[in-house]
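Below you'll find the structure, written out as structure tokens, and then a few comments.
The figures that follow rest on heavy atoms only: side chains count, while hydrogens, waters and symmetry mates do not. In listed order, ligands and their atoms are each counted from 1.
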Amino acid sequence: MTKPSSPSLPMEYSDEVAAAKQRGAPIVALESTIITHGMPYPGNLDMARSVEAIIREQGAVPATIAVIHGVLHIGLDDAKLEALSKTQGAMKLSRADLAFAIAERRTGATTVAATMIAAARAGIRVFATGGIGGVHRGAEQSFDISADLDELARTGVIVVCAGAKAILDIPKTLEVLESRGVPVVTYDSENFPAFWSRESGLKSPLMLNSPAAIASFQRTRELLGIDGGMLVANPVPVESEIPREEMEIYITRALDNAASEGISGKAVTPYLLDNLFRLTDGRSLETNIALVENNARLAAGIAVALAAND
Ligand code: PSU
Ligand code: MN
């Protein structure tokens with residue numbers, strides 16, 4: 001008599017990622033909300049492809065994560081990546097609703113929080129994104145604090161970003177990360193970056209200058225039995241940055257627009273990104289793409305350094 005098999009999670013690896021896992025090659029996770037909710041088509045597809053290519057050039061394997069018709073995908077082949085980049089109405093998934101999308105056979109893109117959960121489950125330790133969610137300006141009224149911060153505190157994945165988006169309250173975001181015990185390491189700079197700009201006006205809590213040093217810091221945390229994630233902030237390259245003072249003008253306008261249209265909840269971040277894209281005549285998007293590419297390069301370096309010491 002055969003025992004009924006226990007139900008298993010509908011999770012599928014791309015061929016490339018499955019092969020990488022088999023041989024113990026370094027893998028870098030990538031989120032998909034940035035594709036469906038963060039950038040317009042076709043710029044989103046160009047970005048998704050170029051980020052994957054950069055990770056391969058650095059000797060690692062990219063794993064873009066998304067839920068497609070209820071299946072949690074770890075790595076998307078090019079046809080799936082292209083289809084996702086054109087999908088209208090995909091859910092934006094965080095810890096609260098990742099399982100909902102799978103159970104209800106829906107299609108959804110993973111935010112930083114949901115991508116971390118999926119990456120950890122797939123044994124992937126490094127993840128590249130653009131900017132994390134954080135404490136929104138006016139959070140003392142709206143209570144809008146991204147679930148990304150809680151996820152960083154509890155899930156052991158290194159997240160490489162370009163700092164917190166300047167649409168957020170960056171001092172409060174750093175305070176929450178500190179309270180929750182999340183190390184914030186800026187790569188090769190003393191200043192914590194603000195996504196489109198290299199500086200936020202705040203010093204970074206920690207600084208390291210090489211992927212090997214970041215890998216060694218992470219190993220030491222593991223030896224101490226400290227769980228939870230790490231945030232690595234990588235300033236946007238000088239030639240692609242939009243200076244803080246200039247960006248602030250657009251951000252103030254975008255926030256005003258969001259307030260007068262009554263935008264709230266999950267819609268806030270996508271609305272602001274889209275509004276800034278218009279207000280800057282597409283320049284914010286060019287910067288966004290450049291910084292994600294830059295983060296992918298560093299994340300691959302960290303993944304390679306971690307794998308070298310396994
Ligand atoms: N960074 C980008 N574009 C994005 C995001 C980050 O360059 O679209 C997304 C990420 O998926 C992040 C999410 O997790 O925005 C945060 O949304 P919220 O503020 O609703 O938690
Ligand atoms: Mn929010």
Side-chain angles (χ1 to χ4, degrees), residues 29-41 43-44 46-48 50-51 64-67 84-85 90-98 101 108-119 127-152 155 157 159-170 172-173 176-177 193-197 229 231 233-234 236 240 242 247 251 254-255 258 263-277 280 283-296 299:
L30 295 162
E31 62 150 307
S32 45
T33 296
I34 191 169
I35 301 174
T36 55
H37 294 71
M39 295 181 187
Y41 180 83
N44 61 349
D46 295 342
M47 179 279 304
S50 87
V51 161
T64 299
I65 291 173
V67 176
L84 188 71
S85 73
M91 292 180 77
K92 174 182 164 187
L93 304 173
S94 188
R95 169 173 281 266
D97 40 19
L98 175 63
T110 51
T111 58
V112 168
T115 306
M116 289 180 77
I117 295 169
F127 159 27
T129 182
I132 56 157
V135 181
H136 281 261
R137 299 189 195 184
E140 58 276 26
Q141 296 292 329
S142 67
F143 277 47
D144 190 349
I145 301 176
S146 176
D148 291 354
L149 299 183
D150 243 36
E151 206 57 54
L152 279 160
T155 302
V157 174
V159 178
V160 182
C161 69
K165 281 185 273 276
I167 53 178
L168 301 168
D169 186 322
I170 298 181
K172 287 196 182 76
T173 300
V176 170
L177 289 167
F195 200 70
W196 300 279
S197 320
L231 188 66
N234 189 26
V236 61
S240 302
I242 306 178
M247 207 56 212
I251 289 169
L255 288 168
I263 308 293
S264 66
K266 275 175 180 266
V268 172
T269 300
Y271 176 91
L272 292 173
L273 290 173
D274 180 61
N275 219 253
L276 287 167
F277 169 67
T280 61
R283 218 171 122 214
S284 68
L285 179 62
E286 277 173 43
T287 300
N288 199 341
I289 293 174
L291 66 84
V292 185
E293 291 175 347
N294 193 44
N295 296 343

Would you check, one step at a time, whether the test side chain to side chain contact (heavy atoms under 4.5 Å, CB included) holds for V112 with F127? CA-CA 9 Å; V112 168; F127 159 27; 3.8 Å; yes
Return the residue, atom name and 0.1 Å-rounded distance of the protein heavy atom closest to atom 7 (O) of ligand 1. F195 CZ, 3.1 Å
Starting from atom 2 (C) of ligand 1, what is the nearest protein heavy atom, named by residue and atom, and what distance separates them? K165 NZ, 3.6 Å
Flag, side chain of K92 to backbone of H37, donor-acceptor distance under 3.5 Å: no
Below 4.0 Å, non-hydrogen atoms only: which portion of T115 touches ligand 1? Side chain, backbone, both or neither. neither
T111 and ligand 1 - part of the residue with a heavy-atom distance under 4.0 Å: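 The answer is both, backbone and side chain.
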With a cut-off of 4.0 Å, which atoms of ligand 1 are near a heavy atom of [X]?
{"X": "G38", "value": "8 (O)"}
{"X": "S146", "value": "18 (P), 21 (O)"}
{"X": "L273", "value": "3 (N), 4 (C), 8 (O)"}

Measure the [atom1]-[atom2] distance between [X] and [Y] for me, rounded to the nearest 0.5 Å.
{"X": "L98", "Y": "T110", "atom1": "CG", "atom2": "OG1", "answer": "7.5 Å"}
{"X": "L272", "Y": "D274", "atom1": "CG", "atom2": "CG", "answer": "9.5 Å"}
{"X": "S240", "Y": "N288", "atom1": "OG", "atom2": "CG", "answer": "11.0 Å"}

Between ligand 1 and [X], is the shortest N or O to N or O distance under 3.5 Å?
{"X": "V112", "answer": "yes"}
{"X": "H37", "answer": "no"}
{"X": "T269", "answer": "yes"}

Option with minimal heavy-atom separation from atom 12 (C) of ligand 1, where the choices are I132, T33, D148, N288: D148
Which of these, K266, E31, H136, K92, has its nearest heavy atom closest to atom 18 (P) of ligand 1? K92
Is the shortest side-chain heavy-atom distance between V67 and M91 below 4.5 Å?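 Not touching, per the 4.5 Å side-chain cut-off.
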Is Q141 atom CD crowded by more than 12 heavy atoms from other residues, nucleotides or ligands, each under 6.0 Å away? no
Among the N, O or S atoms that D144 has, which is closest to the Mn ion (ligand 2)?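 Minimum-distance N/O/S atom of D144 relative to the Mn ion (ligand 2) is OD1.
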Considering non-hydrogen atoms only, spot the tightest contact between S284 and M247 and give its length. CB-CE, 4.4 Å
Which residue, I289, L291, N295, forms the side-chain contact (heavy atoms from CB on, under 4.5 Å) with E293?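 Only one of I289, L291, N295 forms a side-chain contact (heavy atoms from CB on, under 4.5 Å) with E293, namely I289.
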